[in-house]
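Note sheet for the following structure.
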Amino acid sequence: MMTLRINVAELEALLAERSGRIGCGSWKVGVSDILAGAGWPMAAFPSGWCPLLKWPLGLAGIGYSVYGLASVIRSVRDPYDHKKLLEEIKQMDRTEKRSSIVAVRDASGTARNRYLLYEDTRWGCDFFPNHDTEGTVQMEKPELSKWLSGTFEIPESAFNLSYIREMSHSKPSRSHGGEMRDYVYRLWVADVTEMPEVWKQPQFEVGGYSCRWETIAGMEADQHIMEINEDVVGMVKGFVH
């Protein structure tokens, strides 16, 4: 299930702009209105009703048919329904990114307080392995395990992947000129019980990534890491470390 974070004022503006089209229905509804309106003058004019009654009813029927015809034309030329409205509302979501953060922890020996970081060239800092969140926790776990194994060249049998929790944080978005945006994180921990040979070095390269081991204290002492990802470091410290 996706949770949307939307500015109320922006939503009100959209609904006000679309108010004339909400509830107009499809072309089938317009055809129904045409037929219904046409029935009024057909019943009123041939009748022996008083002119003060049949003329207003007849003219109202004609007007209703014209309204139905206009609805048909609009729905054919520029169809708009609840699905399109929903898509427009989704586009207003202020969530910048939904990421699954994997705190890869050394559980193979005495250095259990260190975590794997890789050089994230997009953000220009060292960061925990992360991947776009996909599906439910149950659906994502096997896929995330395969991704971690393939990307960082470690057998799936060498680590235990566990889900911790999901949290959201607000921070300035670089892609939106510093505007505050919501980031939704799904936190996982991968305890490495069998260390690959190359992983035993303080710094190493796997899968084209420059990696290193670092403690939470070391991350907190790194001004650049804290400037960009203080929220994630704090989340790992509070719920994994």
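Outside the 6.0 Å centre-distance limit, the rings of Phe127 and Tyr118 are not counted as a close aromatic pair. Checked against the 6.0 Å centroid threshold, Tyr115 and Trp213 do not count as a close aromatic pair.
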- Could you give me the CA-CA distance, side-chain angles and deciding distance for Thr133 and Ser100, then say whether side-chain hydrogen bond (donor to acceptor under 3.5 Å, both in side chains) is met? CA-CA 5 Å; Thr133 298; Ser100 291; 3.1 Å; yes
- Working for side-chain contact (heavy atoms from CB on, under 4.5 Å), residues Leu117 and Met219: CA-CA 10 Å; Leu117 300 181; Met219 296 178 213; 3.9 Å; yes
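In plain terms, the two heavy atoms of Arg105 and Val240 that are nearest each other are NH1-O, 3.0 Å. Closest non-hydrogen pair, Val192 versus Phe159, comes out as CA-CB, 4.1 Å. Of all heavy-atom pairs spanning Val137 and Arg186, the tightest one is N-NH1, 3.6 Å. In terms of heavy atoms, Ser145 sits closest to Glu156 at OG-OE1, 2.6 Å. Considering every non-hydrogen atom in both Ser108 and Thr193, the closest pair reads CB-O, 3.8 Å. Counting all heavy atoms, side chain and backbone alike, Ile154 lies closest to Ala158 at CG1-CB, 3.8 Å.
Relative to the ring axis of Phe239, Arg165 places its NZ or CZ within 45° and under 6.0 Å from the centre.
Side-chain contact between Trp199 and Val104 is present, with at least one heavy-atom pair separated by less than 4.5 Å. For the pair Trp188 and Leu144, the minimum side-chain heavy-atom distance is below 4.5 Å. Looking at Thr151 and Pro129, their side chains never come closer than 4.5 Å, going by heavy atoms from C-beta outward. By the 4.5 Å heavy-atom criterion applied to side chains, His131 and Val102 are not counted as neighbours. Between Val184 and Ser99 there is no side-chain heavy-atom pair separated by less than 4.5 Å. Asp191 places a side-chain heavy atom less than 4.5 Å from the side chain of Val189.
A salt bridge between Glu143 and Lys141 is absent, with no side-chain N of the basic residue lying under 4.0 Å from a carboxylate O of the acidic one. Using a 4.0 Å cut-off between charged side-chain N and carboxylate O, Glu214 and Arg114 make no salt bridge. Of the charged side-chain nitrogens involved, none lies within less than 4.0 Å of a carboxylate oxygen, so that Arg98 and Asp132 do not count as a salt-bridged pair. Look at Glu220 and Lys237 and you find a salt bridge, because one of the NZ, NE, NH1 or NH2 atoms lies within 4.0 Å of a carboxylate O, short of that distance.
The closest donor-acceptor contact from the side chain of Asp222 to the backbone of Ile225 lies under 3.5 Å. Of the possible polar contacts, one joining the His224 side chain to the Gly124 backbone as a donor-acceptor pair under 3.5 Å is found.
Atom CG in Asn229 sits 8.0 Å away from atom CG in Asp120 (nearest 0.5 Å). Atoms CG and CD1, on Asn113 and Ile216 in that order, are 9.0 Å from each other to the nearest 0.5 Å. Between the CD1 atom of Ile101 and the CE atom of Met235 there is a distance of 5.5 Å, given to the nearest 0.5 Å. Separation of atoms CZ (Arg212) and CD (Glu205) is listed at 14.0 Å; rounding is to 0.5 Å.
Qualifying salt bridge (Lys or Arg N to Asp or Glu O under 4.0 Å) partners for Lys200, counting only residues two or more places apart in sequence or in other chains: Glu197. For the side-chain hydrogen bond (donor to acceptor under 3.5 Å, both in side chains) test, no residue two or more places apart in sequence or in another chain qualifies with Ser149.
Residue Tyr209 places its OH atom among 12 or fewer non-hydrogen atoms of other residues, nucleotides or ligands, all under 6.0 Å distant.
Side-chain atoms of Tyr185 and Asn130 form no donor-acceptor pair, as typed in the model, at a separation below 3.5 Å.
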